[in-house]
Amino acid sequence: MVEQSFASGNTDYLNNGNHSLSPDTEGCVNPLAAINTIVVAASRSRDPDTVLQTALDAVLSVSGADAVAIGILDEFTGEIDLRVEHGWRDRMVTQGDRIALGGSVFEAVVSGDKVIVSDDLVHDTHLNIPPLPDGDVRALALLPMHARGNVVGVVGVLFAAPHTFPGSDIVALCTIADQIGLALDNFSLIACAQAHENRCSTICDLSSEAFVLIDGQGIIRQINTAAHILFDTIPADVIGLSLAEAPIHADLADSLRSAVRNHHGVNTVFETLLVDGRTLSTAVVPVRSDMTASNGTATYGSVIVVRDVSNRQPSRFTGRDFIHDIAHDLRNPLGAALGALAMLAGEQDNQSDLQRELIGIATKSIDRAQQLIEDLSYLEQILNTSQFEYQPVDVRDVVERGVIDIQAAVFQREQTLEIDVPDFLPPVMGNDYWLHQALKNLLSNANRYTASGGHITIRAYEQHDQVLVEVHDDGPGIPLEIQPRLFERFYRGPTAERGISGTGLGLSIVKAVVDRHGGKVFVSSQINKGSVFGMILPLTQGS
């Protein structure tokens, strides 16, 4: 008696793989060997048709069928694309290599995810099989191929004479069919990944910014054309090397190694002044790896973006006289205006609410103008002083004085200030006054951008013949795209729109001071995760 697929019959044995092959398939290739053949072919070949042909031969060997075909589901057209076949075309396909699902037996296989079997088509009235030429197909099995839980194609097995399909044979063929589906899915995933990589490589190569991809072990895995031009290298010089080994400018390489070691999963932006006078702005963006370290923590690779911003840096001598003259000429009239406003503010009895409000606005504006003049004067002094006086500076003492300076503002905003500095730090060769001013600016910046009740931490530590001073805050964070501009003069980010006061010169003063000490500034920040602004100071005398 002819029985339709296991969709309407007993399918329990499909879940039991402990069967031997039927006598009809004795002497054929063992199913496990067939699966292994498909796996090996998929691992060695990049051509899916080659793997499909290998799979076709494996199904023929296992089943002993007269005809076998493997078709892939085209989800867009709803058709089965017949990719490889043996002895099938003359029996089943008369118009092209694509078979429509609608109304055919294949629809039940694909849409219903069913195994369709007929032992004798002549007497089978259950299956919707198109007329077969000369009646030369008497038995068939149609098996769905699966990948990630979905049907991705069909394997068809045909016999010219009535044929019984024991459950063990169907189990073996279903296993092989699914292995074919997995192999095809892997090809698809590899092709998608390759296409994505090609698109990314094309975009990177077209970019004017230098891109370098570092893996979790610090090895350079990819570098674009702009980076080769900037570093004056060729791919063979850097791919597969660590940052320490790569022929990159020494100053930049040191900063990169420090940033990669210390990013802790957050973005880091810093600038580097090369000996040839160029200024490079560098962003180190961590990329989480699928691998974990031996202690169970996440590991990170990095995408490094380097931009030459030399043209954005004004000459050290440009505008010095103008800055000095304008600061001098504005101090007296602003002081007189502030004094007059103070006298008006004392006449409270004769003023309306509007007048008092206007006096307050004018007073704050003059205070800001005076602060701007003071910052400009600081910047002019830093740039115009031909020689800093250097001496051993106790960084811990600088930190303690900075804490005293900021305490009132921290108390007013009910913030928590934490100090994380070891009892002993080697002294840095620097200018105590200007390092103190730089730290004051970093602390003031953290105080203004951290919400009331927030937390600020000052850290200082020695690392590789350098002392790092960092100010951590739990403020709103800074978008990566504006981080390279934070140390520019007069630049204020979007947070300025929220009414946070400032002249836009505080961080540029920090950078100018650190530059004069032969060090580097940096920022690490992520939205809603706070920011870290830091200074890297060499233990040897600055320039």
Side-chain angles (χ1 to χ4, degrees), residues 1-6 9 14 19-35 37-38 41 49-72 80-100 104-106 108-110 114-145 153-181:
M1 179 177 179
V2 178
E3 183 70 26
Q4 196 198 344
S5 73
F6 306 118
L14 287 176
H19 296 281
S20 60
L21 291 177
S22 66
D24 292 338
T25 58
E26 285 183 2
C28 296
V29 176
N30 186 287
L32 292 178
I35 291 171
T37 301
I38 297 170
D49 286 333
T50 299
V51 176
L52 283 173
Q53 186 60 54
T54 301
L56 180 86
D57 295 339
V59 175
L60 278 168
S61 299
V62 169
S63 66
D66 298 303
V68 172
I70 300 175
I72 299 175
I80 294 293
D81 180 14
L82 189 65
R83 294 291 293 272
V84 291
E85 56 79 29
H86 172 81
W88 169 287
R89 191 180 307 273
D90 295 336
R91 292 181 168 86
M92 289 286 289
V93 181
T94 57
Q95 295 181 348
D97 294 335
R98 301 179 75 87
I99 305 171
S104 73
V105 68
F106 298 100
V109 179
V110 174
K114 298 176 180 178
V115 177
I116 304 296
V117 171
S118 177
D119 293 340
D120 191 343
L121 286 172
V122 173
H123 301 95
D124 194 334
T125 60
H126 298 85
L127 300 181
N128 182 20
I129 299 292
L132 303 177
D134 303 326
D136 57 350
V137 176
R138 296 291 300 275
L140 62 76
L142 300 177
L143 313 132
M145 301 188 305
V154 178
V155 175
V157 179
L158 282 73
F159 288 86
H163 180 79
T164 300
F165 293 90
S168 57
D169 288 11
I170 297 300
V171 168
L173 291 172
C174 283
T175 303
I176 295 173
D178 285 346
Q179 187 61 54
I180 299 171

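Throughout, residue positions are numbered sequentially from 1 according to the sequence presented.
The minimum heavy-atom distance between Leu142 and Gly156, with the atom names listed, is CD2-CA, 3.7 Å. The two residues Asp66 and Ala161 make their nearest non-hydrogen contact at OD2-N, 4.5 Å. For the pair Ile176 and Ala34, the tightest heavy-atom approach, listed with the atom from each and the gap, is CD1-CB, 4.0 Å. The two atoms that bring His163 and Ala139 nearest to each other are N-CB, 3.6 Å, heavy atoms only. Considering every non-hydrogen atom in both Pro144 and Val115, the closest pair reads CD-CG2, 3.9 Å. Across all non-hydrogen atoms, the minimal contact from Val154 to Ile80 is CG2-CD1, 4.0 Å.
Checked against side-chain contact (heavy atoms from CB on, under 4.5 Å), Ala177 has the following partners two or more places apart in sequence or in another chain: Leu143, Met145, Val155.
Two residues are said to be in side-chain contact when any heavy atoms from C-beta on lie closer than 4.5 Å; Thr37 and Asp57 fail this criterion.
Here OG1 of Thr175 is found 5.5 Å from CD1 of Ile35. Values are rounded to the nearest 0.5 Å. Separating the OG atom in Ser168 from the CD1 atom in Ile170 is a distance of 9.0 Å, to the nearest 0.5 Å. If you take CG on Asp119 and CG on Leu140, they are separated by 9.5 Å, rounding to the nearest 0.5 Å. To the nearest 0.5 angstrom, Ile70 atom CD1 is 10.5 Å from Asp49 atom CG.
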